[in-house]
Number of protein chains: 2
Amino acid sequence: MTRRIPRATVARLPAYLRYLDSLGPGRQTVQSSDLASASGVNAAKVRKDLSYIGAAGVRGVGYDVEELRALILRKLGLSTDLTVVLVGAGNLGSALARYKGFDNRGFHIVSVYDIDPKRVGKRIAGIEIRHLDHLEEDLRQTAADIGIIATPASEAQGVADRLTGAGIPGILNFAPTVINVPAWATVRQVDLATELQILAFYLRTRREAGATQARTQKRRPG
Amino acid sequence: MTRRIPRATVARLPAYLRYLDSLGPGRQTVQSSDLASASGVNAAKVRKDLSYIGAAGVRGVGYDVEELRALILRKLGLSTDLTVVLVGAGNLGSALARYKGFDNRGFHIVSVYDIDPKRVGKRIAGIEIRHLDHLEEDLRQTAADIGIIATPASEAQGVADRLTGAGIPGILNFAPTVINVPAWATVRQVDLATELQILAFYLRTRREAGATQARTQKRRPG
DNA sequence: TAGATTGTTAATCGATTAACAATC
DNA sequence: TAGATTGTTAATCGATTAACAATC
């Protein structure tokens with residue numbers, strides 16, 4: 001009987017993995033406190049997270065680096081590489097196609113689609129850009145695990161429908177719009193401008209807190 | 001006395017804003033249920049979020065679109081445009097420099113830096129790429145609100161130190177590593193490969209749930 | 001054994017949601 | 001007035017954290 005892994009824990013596992021990957025080959029064990037400071041959380045939380053995935057630490061010693069790494073990879077579903085198709089070969093799409101960080105971590109972009117005749121037929125990172133019309137037949141030949149959407153917002157839902165229609169269960173959406181998919185599929189949304197907007201909120205808050213503090217300090221008798 | 005706005009609420013405000021922006025000029029009011037379905041949350045949550053920022057809805061009618069839009073912009077600290085410097089003019093950095101979604105939403109990239117002599121002096125989106133050595137003197141001339149880091153992971157902490165050292169209060173980090181900044185500054189991290197890894201987890205979980213279901217169904221008497 | 005660190009409990013905190021009175 | 005929708009309460013759920021017994 002497998003216990004359910006909390007969402008928040010899942011979201012932190014990649015950070016732990018990244019830290020483990022950054023360690024030299026000489027390192028045998030890690031402590032929860034190391035993982036904590038490397039990923040910006042509390043050591044108790046790290047231990048709790050690791051207990052959710054069933055990691056076996058040794059009291060007084062820590063966790064075995066290789067064992068923990070393999071366990072996280074397995075739990076994340078990364079024991080085997082995943083195939084990815086990318087739709088949208090514009091600005092962002094091209095950068096994603098060339099991004100080394102995907103391939104390094106076992107995500108292989110197998111094809112790139114666009115509808116712009118000026119782009120179709122060209123190559124990015126060695127992959128020929130195909131017309132979106134070929135999507136369904138290509139996927140019948142070779143299924144894919146994940147579709148990345150890097151189109152304008154106006155096209156995103158239509159592309160998502162075609163991706164899920166062709167059986168792709170996972171979508172990473174970079175278009176700045178919420179998309180709906182069937183219940184059996186999963187979407188994650190990355191909105192670059194949203195990130196800046198959230199940052200802007202905290203800048204404003206800090207600025208005002210700072211101003212308040214300055215006023216408060218001024219009021220103090222010198 | 002301003003009430004503190006919860007983190008989760010802040011993270012949703014940009015989605016509400018995006019929906020309001022998508023409405024035609026004819027639309028006078030919106031209901032919490034509209035905002036809810038457009039941003040994938042519950043209508044009660046929308047109303048709670050909006051009450052945190054002090055929105056004045058009208059019972060039986062809804063919220064005034066323009067008033068709400070202006071309020072969210074103000075609360076997010078977007079009443080005035082913000083200036084951004086970008087460090088790293090590689091693959092991803094170049095795409096970010098050209099990304100229309102930033103400028104559209106009031107984030108103006110004013111300069112781009114790199115250390116590669118093959119890139120320095122060239123232009124992206126009309127902005128000349130300058131050598132990183134000029135960062136501090138440039139920022140003394142014209143301060144900036146936000147620094148975007150799009151360098152390799154190995155350089156990210158050093159760049160963050162220089163950005164905060166030059167007084168930049170907000171950092172959006174695309175390098176796949178956690179960076180530390182002084183307490184008065186704010187960082188947000190966007191890790192593209194991490195997003196795929198989290199997606200992979202849910203794909204695996206769904207796949208296994210589906211397999212279990214299939215087995216269970218098989219066991220049923222036909 | 002002494003020191004270190006895990007694994008887990010229990011308390012706390014924060015976010016979500018249903019439900020409905022208030023009121024346009 | 002009747003219908004619609006907000007604003008808020010109260011219950012619930014999930015995540016975080018301190019603290020410490022267990023144990024290598």
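Numbers restart at 1 for each chain; the letters A, B, ... are given by sequence-line order, proteins then strands.
Nucleic acid contact class of B/A44 (heavy atoms, under 4.0 Å, all strands): base.
A/T142 places no side-chain N or O within 3.5 Å of a backbone atom of A/L139 that could act as its donor or acceptor partner. Using a distance-only test at 3.5 Å, with no hydrogens or angles considered, no donor-acceptor pair links the side chain of B/N173 to the main chain of B/Q189. Side chain of A/D114 to main chain of A/G88: no donor-acceptor pair is present (N/O by atom type, distance under 3.5 Å, no hydrogens or angles). With hydrogens and angles disregarded, no donor-acceptor distance shorter than 3.5 Å links the side chain of B/R162 to the backbone of B/T164.
In terms of position along DNA chain D, the nucleotide closest to B/R59 lies nearer the 5' end than the nucleotide closest to the other residue of the pair B/R59 and A/G60. DNA chain D is contacted by both B/V61 and A/A8; B/V61 maps to the nucleotide lying nearer its 5′ end (nearest heavy atom per residue).
Each end of the helix from C/dG3-D/dC24 to C/dC24-D/dG3 yields a helix axis from five base pairs, and these two axes differ in direction by 20° (to the nearest 10 degrees).
Atom CG of residue A/L13 and atom CG of residue A/L76 lie 5.0 Å apart, to the nearest 0.5 angstrom. In this structure, B/K48 NZ and B/N42 CG are separated by 11.5 Å, a value rounded to the nearest 0.5 Å. Note that the OG1 atom of A/T186 and the CD1 atom of B/I198 stand 12.5 Å from one another [nearest 0.5 Å].
Side chain to side chain, B/Y19 and B/D34 fail the donor-acceptor criterion of an N or O pair below 3.5 Å.
Side-chain contact check for B/V190 versus B/L172: some heavy-atom pair is nearer than 4.5 Å. Within the 4.5 Å cutoff, the side chain of A/P176 has heavy atoms near those of the B/R18 side chain.
For the segment residues 28-40 of chain B, the set of residues with a heavy atom within less than 4.0 Å of an atom of DNA chain D comprises B/Q31, B/S32, in numerical order.
Once you apply a 4.0 Å limit to the heavy atoms of chain A, the touched nucleotides of DNA chain D run 5' to 3' over D/dA15 to D/dC24.
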